[in-house]
J.: 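Pasting a structure below so you can have a look.
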Amino acid sequence: MDAFISTMTITYIFLALFLSSDIGSIPHVKSFGINYGQVGNNLPQPNKVLELLSTLKLTKTRIYDTNPQILTSFANSNIELIVTVENEVLSQLDDPQQALQWVNSHIIPYLPETKITGIQVGNEVFTDDDDTLLQHLVPAVVNIHNALSTLGYSNIKVSTPSSLAVLQNSYPPSAGSFKSEINGIMYQFLNFLSTTKTPFWINAYPFFAYEDDPSTIPLDYVLGNNPNAGMVDPYTKLHYDNMLYAMVDAVYFAIAKMGFRDIEVRVSETGWPSKGDTNEVGASPQNAATYNRNLLRRQVANEGTPLNPRIRLEVYLFALFNEDMKPGPTSERNYGLFQPNESMTYNVGLTSVSTTSTSTPSSSASFTLSSSATKTKVASKENQSLVLWIFVYLLILTLSL
């Protein structure tokens, strides 16, 4: 009888652990998203991408257009989408009626089934080679916002992502300031963000800084490895153990110098290439895996920056897939966590236990993600079946006693 009770107890404890575990998932991190670019001729269909995101328990993604196939495929899912108005459309949106028409044709048909939470008006407009775009930015942002409000969707936030090149100074972070030539329009834009309680989005890539000066900038600091000496801002005395946080705080200081202290800064893009040309120092699978692994672990811990430690930093990783049709240096086509066939490009805080390779693990393998605060598992269906069969065995053993 005692053996029966003991075995029954073990069996039900095992079952409870199985049913309550998040086998097959990355921990849900509210502040973490991923950029889903589509500049490739071999990418999976949107419905397969949705399955991949769901498997990874990622609930936030950003696309660089308003692709109808994606917006339709993502309907009735738990994925929150940020969509983008392409740069070439901005000049048309100076007209409020054109903006209203754009919202009616590109956004409204997919609501509320598709969770569109934000609209990015253009991409890196402040530093675009076509400087005529800039004069259209604020009117387009305002008109899109007003159109959404008119149609009852003021909850959809309207902003634009900027390159870190908008800063005249970024080091040390307390010296952060915007380039003087964009100050006028930047003030108008920041005033809009402050009024509508909308974040300022920044594309921040420590890789570029390291690539430009690898002999001076410590790799551990750029990758966010701990421990490392990092840097101390001589004016604020704040210590930074990774460059991304220093970049974000430089933007906070630049915004404050324009007279605004109530605007949250979020990262619309950051990442590290797994491959590059010979002159692209630091581009490798190992560095890409390390950078993104460290970023993910910080996200799991809901970290804020040294300047705003209580505001968890929202980050969108670049990118979901390698995109073979992107122009530019080799690195541009090699930022993806995944290959177009959905296999992992490299290990990003997910440690394969079924392969010894760290550069090309299979996406169907079993992985573990660990940090100082959290350890979760992403398991294959085979492992789930093994757990279930162990339970069945224990149950049979119990009934035979």
Side-chain angles (χ1 to χ4, degrees), residues 34-35 37 124 127 161-177 179 201-234 238-254 265-299 303 305-307 313 315-319 322-323 326-337 345-349 358-359:
I34 197 160
N35 287 280
E124 299 189 346
T127 52
S162 294
S163 161
L164 199 73
V166 295
L167 297 183
Q168 182 70 48
N169 299 300
S170 61
Y171 182 85
S174 60
S177 60
K179 290 181 175 177
W201 292 91
I202 191 74
N203 296 342
Y205 288 89
F207 166 72
F208 294 142
Y210 180 75
E211 178 191 21
D212 288 343
D213 194 7
S215 61
T216 303
I217 300 175
L219 183 60
D220 282 340
Y221 172 60
V222 178
L223 294 176
N225 283 331
N226 276 328
N228 74 81
M231 61 86 63
V232 175
D233 189 303
L238 293 173
H239 177 259
Y240 292 86
D241 63 3
N242 73 93
M243 183 177 280
L244 178 64
Y245 286 6
M247 289 175 166
V248 171
D249 278 356
V251 177
Y252 267 117
F253 276 104
V265 177
R266 297 180 180 177
V267 178
S268 40
E269 289 181 17
T270 192
W272 197 285
S274 60
K275 185 187 296 185
D277 297 321
T278 55
N279 64 332
E280 295 186 286
V281 181
S284 71
Q286 293 76 20
N287 286 342
T290 299
Y291 180 82
N292 290 321
R293 180 186 305 122
N294 289 336
L295 175 64
L296 184 55
R297 285 175 174 168
R298 291 175 186 275
Q299 288 284 289
E303 285 188 3
T305 68
L307 184 64
L313 180 62
V315 175
Y316 279 67
L317 183 67
F318 188 86
N322 282 341
E323 300 169 66
K326 291 198 73 175
T330 298
S331 62
E332 286 294 316
R333 294 175 288 283
N334 289 279
Y335 275 91
L337 297 186
T345 306
Y346 52 80
N347 205 319
V348 57
T358 59
S359 58

J.: Quick one: list whatever passes ring-ring contact (aromatic ring centres under 6.0 Å, His included) with F207, sequence neighbours left out.
T.: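 Partners of F207 by the ring-ring contact (aromatic ring centres under 6.0 Å, His included) criterion, ordered by chain and then number, come out as W272.
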J.: Donor-acceptor pair, distance only, cut-off 3.5 Å: does the side chain of D249 make one with the backbone of P173?
T.: no
J.: Taking all heavy atoms of L167 and all of A250, pick out the closest pair and write down the distance.
T.: CD1-CB, 4.0 Å
J.: To the nearest 0.5 Å, what is the distance between CG on L244 and OG1 on T305?
T.: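 Between L244 CG and T305 OG1, I get 9.5 Å after rounding to 0.5 Å.
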J.: Looking only at heavy atoms, which two atoms of A288 and P273 are closest? And how far apart?
T.: CB-O, 3.8 Å
J.: For N287 and Y210, which I'm curious about, is there any donor-acceptor pair between the side chains at under 3.5 Å?
T.: no
J.: Short question: side chain of D241, backbone of G230 - any donor-acceptor pair under 3.5 Å?
T.: no
J.: Nearest 0.5 angstrom please: S274 OG to L337 CG, how far?
T.: 9.5 Å
J.: How long is the span from the CG atom in N228 to the CG atom in L223, to the nearest 0.5 Å?
T.: 9.5 Å
J.: Please step through side-chain hydrogen bond (donor to acceptor under 3.5 Å, both in side chains) for the pair S268 and N203, ending with a clear verdict.
T.: CA-CA 5 Å; S268 40; N203 296 342; 2.5 Å; yes
J.: What's the shortest heavy-atom distance between N292 and G271, and which atoms?
T.: OD1-CA, 4.0 Å
J.: What is the minimum heavy-atom distance between T127 and S163, and which atoms define it?
T.: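 In terms of heavy atoms, the two residues are closest at OG1-CB, 3.6 Å.
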J.: Is a donor on one side and an acceptor on the other found under 3.5 Å between the side chain of T270 and the backbone of A204?
T.: yes
J.: With distance as the sole test, does Y240 use its side chain to make a donor-acceptor pair with the main-chain N or O of Y245 at under 3.5 Å?
T.: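 A pair under 3.5 Å: no.
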J.: For Y205, what residues pass the ring-ring contact (aromatic ring centres under 6.0 Å, His included) criterion, not counting sequence neighbours?
T.: F208, Y335
J.: Can you find a pair of side-chain heavy atoms, one from V222 and one from E211, that are under 4.5 Å apart?
T.: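 No, their side chains stay 4.5 Å or more apart.
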J.: Drop me the distance from Y221's OH to N226's CG, to the nearest 0.5 angstrom.
T.: 12.0 Å
J.: Report yes or no: does Q299 contribute a side-chain atom to a donor-acceptor pair with the main-chain N or O of L313 at less than 3.5 Å?
T.: yes
J.: Could you check whether any side-chain N or O of N294 sits under 3.5 Å from a backbone N or O of T290, counting only pairs where one atom can act as donor and the other as acceptor?
T.: yes
J.: Could you tell me whether a side-chain N or O of N35 sits under 3.5 Å from a main-chain N or O of L317, the two making a donor and an acceptor?
T.: yes
J.: Kindly determine whether R298 and N242 satisfy side-chain contact (heavy atoms from CB on, under 4.5 Å), including the steps that lead there.
T.: CA-CA 11 Å; R298 291 175 186 275; N242 73 93; 3.5 Å; yes
J.: Under a 3.5 Å distance rule, please check whether N322 uses its side chain to pair with a backbone N or O of G336 as donor and acceptor.
T.: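 Side chain of N322 to backbone of G336: a pair is present.
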J.: Rounded to the nearest 0.5 Å, what separates atom OG in S284 from atom NZ in K275?
T.: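 NZ of K275 is found 12.0 Å from OG of S284.
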J.: Keeping K179 on the side-chain end and A165 on the backbone end, is there a donor-acceptor pair under 3.5 Å?
T.: yes
J.: Is a side-chain donor or acceptor of D233 paired with a backbone partner of S174 at a separation under 3.5 angstrom?
T.: yes
J.: Kindly give the heavy-atom pair with the smallest separation between V265 and Y252, and that separation in Å.
T.: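 Minimum heavy-atom contact is N-OH, 3.1 Å.
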J.: Verify the neighbour count for atom NZ of K326: are there more than 12 heavy atoms of other residues, nucleotides or ligands below 6.0 Å?
T.: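 Yes, the 6.0 Å shell around NZ holds more than 12 heavy atoms from other groups.
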J.: Taking only residues two or more places apart in sequence, or in another chain, which ones meet E280 in a salt bridge (Lys or Arg N to Asp or Glu O under 4.0 Å)?
T.: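 Once residues adjacent in sequence are excluded, E280 has no partner under the salt bridge (Lys or Arg N to Asp or Glu O under 4.0 Å) criterion.
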J.: To the nearest 0.5 Å, what is the distance between CG on L164 and CD on E269?
T.: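 Result: 12.0 Å between the selected atoms.
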J.: Quick one: closest heavy-atom pair of A209 and M247, and the distance?
T.: CB-CE, 4.4 Å
